Number of protein chains: 2
Amino acid sequence: MADLLDLSMREAAAAVRRKEVSPVELARLSLERIAADEPRLHAFARLTEARAMAAAKQAEREILAGQWRGELHGVPVAVKDLYDMAGLPTTCSSKVRHDHLAAADSACVERLEQAGASIVGMTHTHEFAYGIATPTTGNPWNVEHIPGGSSGGSGATLAARGCYMAMGTDTGGSIRIPAAVCGTVGLKPTYGRVSRVGVASLSWSLDHAGPLARTVADCAVTLGALAGFDARDPGSADVPVGDYLTELEHGVKGLRIGVPRNFFFEHVETEVEAGVRAALATLQKEGAELVEVEIPMADMISAIEFGLCMPEASAYHRTMIRERAELYEPDVRTFLEAGMMIPAVDYIAALRQRTLMQAAWRTMFEANGLDALIGPAVAAVAMRRDQPTLTWPDGTEETASSVYVRLSAPANVTGTPSVSVPCGFGKGGLPVALQVMGRPFGEARILRIARAYERTVDWSTRKPSR
Amino acid sequence: MADLLDLSMREAAAAVRRKEVSPVELARLSLERIAADEPRLHAFARLTEARAMAAAKQAEREILAGQWRGELHGVPVAVKDLYDMAGLPTTCSSKVRHDHLAAADSACVERLEQAGASIVGMTHTHEFAYGIATPTTGNPWNVEHIPGGSSGGSGATLAARGCYMAMGTDTGGSIRIPAAVCGTVGLKPTYGRVSRVGVASLSWSLDHAGPLARTVADCAVTLGALAGFDARDPGSADVPVGDYLTELEHGVKGLRIGVPRNFFFEHVETEVEAGVRAALATLQKEGAELVEVEIPMADMISAIEFGLCMPEASAYHRTMIRERAELYEPDVRTFLEAGMMIPAVDYIAALRQRTLMQAAWRTMFEANGLDALIGPAVAAVAMRRDQPTLTWPDGTEETASSVYVRLSAPANVTGTPSVSVPCGFGKGGLPVALQVMGRPFGEARILRIARAYERTVDWSTRKPSR
């Protein structure tokens, strides 16, 4: 029965629907697999077994009674330790929040449970989502390497087949980075597409909630359950929800895909570039038209990302850092204290530059008639846990944080949707990934392109040994 | 013929339409009156005679040909020295901009000229709209007193019958303050209702463009010509434009008007309070229902106003203050340099508090079923030009800036529309005024209420001696 956990979420959901497997059995399998892996991976801040089993039992009753709710019904999933679940702690993997109990469910938890999912646990994050290492957690492909972050626990448990879908959050790449370096799929929807109510904030104008899963279709199914306007989230967009499944298998014939001339292939590991270029060739063979494009304002991306994120994070932590400074990890504390000193005029300049960059990206998409833009999801495979910097062949040294955030940040700054998809293996046999970025609220289109590529890949090779 | 300038704009427009007076004649009268008053009032940064006469001649031709464009056609008006007019200087009444020439018309100038108005000149502002004194300019009721600000020149020339309408801008009260202390009407529309393209910015998230005029109806006519979405202004609202004239004369029977229990009547001159209370009694007699309400978060209003305005102004002036610091007036320079040092976390806190306050005002209006809220427009009559502070009967000393901005700022912070209307005379025979604040995009309703009150007033008494 252990093979059940190798199925995709849609396959598992189909088996549940056909009553070949019980949601209770599936939740138990998931919890056992996680428990077996925890000593090695430390992917979870806590398991939520009682709540998972209650949901699974309800799902079992409903499905036996013929009341099937959809492709999340009876399926074990996880959420990052930033998503509130009523009555449970949300610690954001931080000692600072050791005494925090959530009063109510986050909007996403509520929607997942309405869809019938069994939430088996809360995954580790880099403290308060403010980093890309998730130092608590090991990468299933090689535990000496980081699982990426900040949603590192979600990436790790998915790669290790602990459950079928795990929620992340993405402020500068925190869904796509762990998805990429753990070899799973990760979807950052358009800014405002998924409610962030009840999710601890890192930087409110850049924060996104979204899923990591093992297939593109599993991300599409999850987005369908999560998407929608929520007046309680000031960033929420009152835009009709798309249909993320209908065009999923339509292929790429006639679609126009932008290939960046600058920025996205600079300081990128050879194997990463090779994987992405090969995927682009595949998509071209499948009928897509490749269009070379210039990324506008490329030298401003990191300045805008950090110029917005640092003061917004410091504003959010303002009281806590005064009262509990000594409980923060040194790296996060330094970031928060530095952010306190950024002048408002610099923050306002970053706001202005973002507005200009959003307009420039809109023009890039419209002038070239693009359906999507493809580049590497991250510049390098997972680094060793003790490796603070990476040295490029030209001698340039770059911090780990910059290596991973640099290519994912554009989609945060512009608010455009982006899905990261595995596209091979690089140094040390570790996964590499591409990302498909789209027009605002163009999730259906980027998922379709990602799926068209995924269909051509032999997935059987893509599983870490245990 | 000089009496023509005592007409309201609508009356003058009607005379023009009936061909009783030529637009050319009217523009000449206006320019002569202004020229005669300038040595005493200094209301104008510059006259734009050539452009006014060209527009007036065109209007004359069109009207003789039976092509009447509406109630601004052939009417002399003015704009604040913040509104770009192609080929002319926009100095913002500052030596810093002595060499600035506008490349294109501001959106408002374009719309006014499309409506057929003759723009006779650009009125003085407190330097860069950053103050309430407009020290260049005298108050027509007593030139030893300030005309208010920052749109002081617009208020002064209207009170002196220099023209029929003059554009102002309002970031903390800069339309309503000069309107109130000069005894004219001033309308700050809802945030986003009127395009600010081509208008020098003080604080982009609080700035509003709008008219000062001698009657409520003249403001309504002008708003009708100016209102509308403009994608080039990031703050512009894509909301249908209302009809500001249809319900104007419908009276107040059955309307619910909020009367503040706190904040608006604290530290207010006796005559100001008496004028507003008398107006409220009049409106009640006319059939309105008065409802006592509590102003929420009242102690936060000034902190939010200045917490947003100071850093946004400093960001706008960032380069200029580096290159031309010595050309600024000392008061504005001090404000700008202080604003440079405000941390981003404080600015972000102000942004958050504003969001909360906007929600609290929405609740106040909805829970009480209010059509409008009425309070004093400003706390005191025009102060002497050499008077930096005001001492209240309880011994409290307050800066001039705070005396005038305190009661007008709520409509800027909340973005709600507010129209200021004269309601009598106070200390030294100087004008006092009330303001009618409304729901977002509820301009038609507040103009109707202001008009219902205005109808009961004997306007013949309201004109400064020359």
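Sequence lines set the chain letters: A, B, ... in the order given, protein chains first and strands last, and positions in each chain run from 1. These figures come from a predicted structure and were not determined experimentally. These numbers come from the heavy atoms of this one structure, side chains and all, not from hydrogens, waters or symmetry mates.
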Participant: Suppose we screen for side chain to side chain contact (heavy atoms under 4.5 Å, CB included). Which residues come up paired with A/Arg256, at least two apart in sequence or across chains?
Facilitator: A/Glu289, A/Val291, A/Asp371
Participant: Let's test your reading of the structure: which of B/Arg352, B/Met341, B/Arg318 forms the most heavy-atom pairs below 4.5 Å with chain A?
Facilitator: B/Arg318
Participant: Atom CG of A/Asp346 and atom OH of B/Tyr347: how far apart are they, to the nearest 0.5 Å?
Facilitator: 13.0 Å
Participant: So which heavy atom on A/Ser314 is nearest to which on B/Val345, and how close?
Facilitator: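 Scanning both residues, the minimum pair turns out to be CB-CG1, 3.6 Å.
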Participant: Just jot down the side chain to side chain donor-acceptor pair (under 3.5 Å) partners of B/Thr125, sequence neighbours excluded, or say none.
Facilitator: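 B/Thr125: no side chain to side chain donor-acceptor pair (under 3.5 Å) contacts found.
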Participant: Step by step, would you call A/Glu312 with B/Leu351 a side chain to side chain contact (heavy atoms under 4.5 Å, CB included)?
Facilitator: CA-CA 11 Å; A/Glu312 289 183 3; B/Leu351 288 174; over 6 Å; no
Participant: Are A/Pro311 and B/Ile348 side-chain neighbours, meaning at least one heavy-atom pair lies under 4.5 Å?
Facilitator: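 In contact.
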Participant: Examine whether an atom of A/Met340 lies under 4.5 Å from a heavy atom of chain B, and if so say whether it belongs to the side chain, the backbone or both; otherwise answer neither.
Facilitator: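 Both parts, backbone and side chain.
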